[in-house]
Amino acid sequence: MTSFISSFKKELPVLRCVAAALILCEVGLRATIGRASVDVAHIDSIPRIVTRLSMAGRPSVLFLGNSLTRAGVIPKDLALPLDHVALIHPDDSTIADWLYLYERQVSGRHVTPDLLVVPFAADHLSDASPARAERLGDFGGFLVAPDAFAYDVRDFDGRVSYLLAAASTAYANRERVRTELFARIIPGYKAAAQAMNRQAKDKARAAAGGRRSYGRLTRFLRILKSGPTKVVFVAMPTPEAREIDPALRALIAAGGADLIDLRKPEGLTAADYLDGYHLKASGGALFTRALSRQLLERADLRAILERK
Amino acid sequence: MLFNSWTFWAFFAAVLPTYWSLPHRKQNLFLIGASYLFYGWWDWRFLILIAFSTVMDFQLGRLVAAAPEGPARRPYVAVSVVLNLALLGVFKYYNFFSHELASALASAGVHLSLPMLHLILPVGISFYTFQSMSYVLDVSRGTTKASESFADFALYVCFFPHLVAGPIMRSGNSTGKGLLKQLQAPRVLRERDFQDGLYYVLLGLFKKVVIGDNLATIVNGVFGSAPSTLSGLEVLAGIYAFAWQIYADFSGYSSIAQGVAKWMGIDLMDNFKMPYLAVSPSDFWRRWHISLSTWLRDYLYVPLGGNRGGGLLTYRNLLLTMILGGIWHGANWTFVAWGLFHGLLLCGYKLFASETREEPTGFSRAWRVVLMFHFVCVGWLFFRAETIHQAFGFLRLIAARPVPTPQALMMLGLVAFYALPVFLFELWVDRRKDMVALVAGSWQPRAAAYVYLALMIFFFPSPQAHDFIYFQF
């Protein structure tokens, strides 16, 4: 063993350089990634968003979604005081991420919005999207680790990844760094990668053969049912308006939540889409006003929105 | 347990200090336990197969050694070969051959229903059966002594760094340091073992995690798509991606195995020596999967007659050896086609070209390297294709529709991003004629290289990990 240690010591200068490089990356990313990435800046601001909402008074309305929400929900068109509305919308997030975000940043901090609105499309609410340990670690942190290890991150490798992502900004944002670099140096990377991802997702969906499970959504509803927050799920418009799974409708109803179907709001056309998926400003305004009307048409939701 | 997993490194972090704290004999016993745990982690039921192969070939080795030289030894050798190949045959080839037989008979109007076996292919079976067989063959030839210790022999078969994907190590010193010989002797950590091991491990992880896994996404996308959706250049990009994926994946595994073994004072052979710098088909096979190519040479090609019979017999022996080498990889006509293609390349090279003592340099070398790489890529097309039909379809696409689509340019860009640095590094290593030239030099360039490797491993693992390709062989 002593010969191993002395052999190791000979390589120390090299190992120190490697360690220094990794530490520099960590420090550098912590300092700069919020400025370089709009999405990361938003994720970093989530604690402040939730704090502001908790201090705003009633009614407090929290939107929890992804980039569809960012593009589609225009707070000023909601007919509510702006400081009573908060939006949380990490890019490319789904129910797996929302569950951990909510547990850590909202219920974990004993914040109880009056109304939680979850805009979704396609398979955002099903278990089809795999739980990515790094993302969950980034969103859930050490606080939610026991839950993560009990349900979504059950193998040793995944748990190590979860904990590293909870501790290290560099580790949690590796995919962003990779995507940013490729977008800059590889011609046509973003468009082609998105096309390949969609192809892979379509294949996975076809392989699943229409069978979906909703384990994470079930846990999410259980957490929400234990508190005073009213939950509304909103099916968002996309160019291919897929059918809403009857099992999903039944689960949402059984969980004491509401479902608003806005897959085809009146007046929305193909011209209202920015990139064939996200809404433009015109589409967002149209959608938000339609949502506002739908919320006020339901007596229980109206009562919440008119609370002071 | 995969080398590129936290589980493996937690396992190894426990194994290594325990190993070095033990005396020699107990080290071997401890490593047998660790190796069985390593293999059993995947599926403990198949430990029985390794144990069976170990007990059988140990006993047969002793019987061979006790028998007088010559024909008296042949029955024992035959038993080893037949039983080891039977193991392979049942788990790997039965369903393929029974299906092909039934199809062939059906086309002749004879309908035969053969039972299909629903068996999982045991990981590494092609490697440990070949290794174990080589021991019995070497004992019968007198090139190695039969092991007197069952524990030493058992460890030779199951030594975990190389158990599931090689290199296939000889027991004696015929192709470098024999593994059994090393295990029989006390180990000493030499001055550069840690440094060499670190080099092999880092390089191997980089190749597997960064190059192999990332290019797998491109390869699976191309080979899983209908031909009507692809342009010729996209197919070509997919083939280039596979060439680097399989090389990085397999050589990465071998490299990590070497590094891990080094840290235990054991030398495993170099299984790859910059194969894409080969200037001819025979040069390629001196550089690619060296442990298998030398095994086939010593136990198949030479016993068949090698090149001793002249002309036609040499070509026959080359073709047979390469076709069987192709079949070793798996039960599909595409592997047979790949083996046949390389056999024809070797025959063609023997017929039309000649090896010179002087290595080509400059432009003379460059065009040979480029040409040989593309010949190898044609072979990889067959190796990776689902069917022969798909392989030929892709070749037609490359010829008929070489359109530079944005997707093709992106794929080629990614292949260059991942593979070019390694290619340039291997060019540098090849010039120095020293596989560990980076370790031999001063620490500053090594530190710079390791920083690059570490940052790439940290930031550029594929979003989706893939199994080592050679686990399925």
Side-chain angles (χ1 to χ4, degrees), chain A residues 1-22 24-26 29 130 132-135 155-161 163-164 168 170-171 173-183 185-197 199-200 203, chain B residues 2 4-10 16-17 19-21 188-199 202 214 217-218 220-221 224-225 229 263-265 405-414 416-417 439 443-444 446-455 458-465:
Chain A
M1 196 62 196
T2 45
S3 53
F4 190 92
I5 293 169
S6 74
S7 177
F8 168 83
K9 281 180 181 169
K10 280 193 167 67
E11 201 67 345
L12 267 179
V14 174
L15 294 173
R16 281 195 194 111
C17 285
V18 174
L22 290 170
L24 264 170
C25 282
E26 175 69 23
L29 275 168
R132 294 174 286 180
E134 287 173 31
R135 290 266 293 197
D155 62 302
F156 180 75
D157 277 65
R159 289 172 181 182
V160 171
S161 261
L163 293 172
L164 284 171
S168 160
Y171 195 88
N173 288 284
R174 302 191 296 170
E175 199 173 329
R176 280 179 217 287
V177 169
R178 186 167 54 233
T179 306
E180 252 334 288
L181 181 71
F182 284 151
I185 67 173
I186 309 277
Y189 175 76
K190 242 181 179 157
Q194 277 169 357
M196 282 170 83
N197 281 341
Q199 232 178 13
K203 270 192 188 145
Chain B
L2 298 179
N4 56 318
S5 70
W6 294 110
T7 308
F8 171 75
W9 293 104
L16 191 64
Y19 169 80
W20 281 113
S21 69
V188 173
L189 197 64
R190 295 148 296 191
E191 196 187 323
R192 253 183 46 180
D193 275 356
F194 177 77
Q195 291 163 295
D196 287 352
L198 181 65
Y199 166 77
L202 265 182
N214 279 300
T217 309
I218 296 174
N220 293 344
S225 295
T229 63
W263 283 343
M264 293 189 281
T405 60
Q407 199 132 331
L409 293 174
M410 182 208 72
M411 290 195 279
L412 288 169
L414 284 173
F417 175 80
V439 184
W443 71 267
Q444 291 93 340
R446 191 160 68 253
Y450 285 10
V451 165
Y452 167 76
L453 293 179
L455 291 180
F458 188 86
F459 283 106
F460 290 90
S462 169
Q464 189 191 348

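All chains are named by letter (A, B, ...) in the order of the sequence lines, taking the proteins before the strands, and each is independently numbered beginning at 1.
- In this structure, CD1 in A/Ile185 is found 5.0 Å from CZ in B/Phe417, a value given to the nearest 0.5 Å.
- Only the side chain of A/Leu164 has a heavy atom closer than 4.5 Å to any heavy atom of chain B.
- Between A/Ser7 and B/Leu189 the shortest heavy-atom distance is CB-CD2, 4.5 Å.
- Of the atoms belonging to B/Ala449, not a single heavy atom falls under 4.5 Å from chain A.
- For A/Arg178 (side chain) and B/Pro461 (main-chain N/O), a donor-acceptor pair under 3.5 Å exists by modelled atom type.
- Only the side chain of A/Val177 comes within contact range of chain B, with heavy atoms under 4.5 Å apart.
- In terms of heavy-atom proximity, B/Phe459 sits nearest to A/Ala170 at CE2-O, 4.0 Å.
- Nearest heavy atom pair, residue A/Glu11 against residue B/Phe194, reads CB-CE2, 3.9 Å.
- If you take CZ on A/Phe156 and CZ on B/Phe8, they are separated by 13.0 Å, rounding to the nearest 0.5 Å.
- Considering every non-hydrogen atom in both B/Tyr450 and A/Val18, the closest pair reads CB-CG2, 3.7 Å.
- B/Ser5 pairs in a side-chain contact (heavy atoms from CB on, under 4.5 Å) with only one of the listed residues (A/Val160, A/Asp155, A/Asp157), which is A/Asp157.
- Across B/Val451 and A/Ala21, no two heavy atoms sit closer than the pair CG1-CB, 3.7 Å.
- A/Ser161 contributes atom OG, which lies 7.0 Å from atom CH2 of B/Trp6 (distance to the nearest 0.5 angstrom).
- For B/Gln444, the CD atom counts as densely surrounded, since its 6.0 Å shell holds more than 12 non-hydrogen atoms of other residues, nucleotides or ligands.
- At a 4.5 Å heavy-atom cutoff, the contact between A/Tyr171 and chain B is made by backbone and side-chain atoms alike.
- Within the 4.5 angstrom heavy-atom criterion, only side-chain atoms of A/Leu29, from C-beta onward, approach chain B.
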A/Cys25 and B/Phe458: CA distance, side-chain angles, deciding distance, side-chain contact (heavy atoms from CB on, under 4.5 Å) verdict
CA-CA 10 Å; A/Cys25 282; B/Phe458 188 86; over 6 Å; no
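- How far CG of A/Leu15 is from CD of B/Gln195: 9.5 Å, rounded to the nearest 0.5 Å.
- Taking B/Leu455, B/Leu198, B/Leu414, B/Thr405 one by one and counting their heavy-atom pairs under 4.5 Å with chain A, the maximum is reached by B/Leu414.
- The most heavy-atom pairs under 4.5 Å with chain A, out of B/Tyr19, B/Phe460, B/Trp263, come from B/Phe460.
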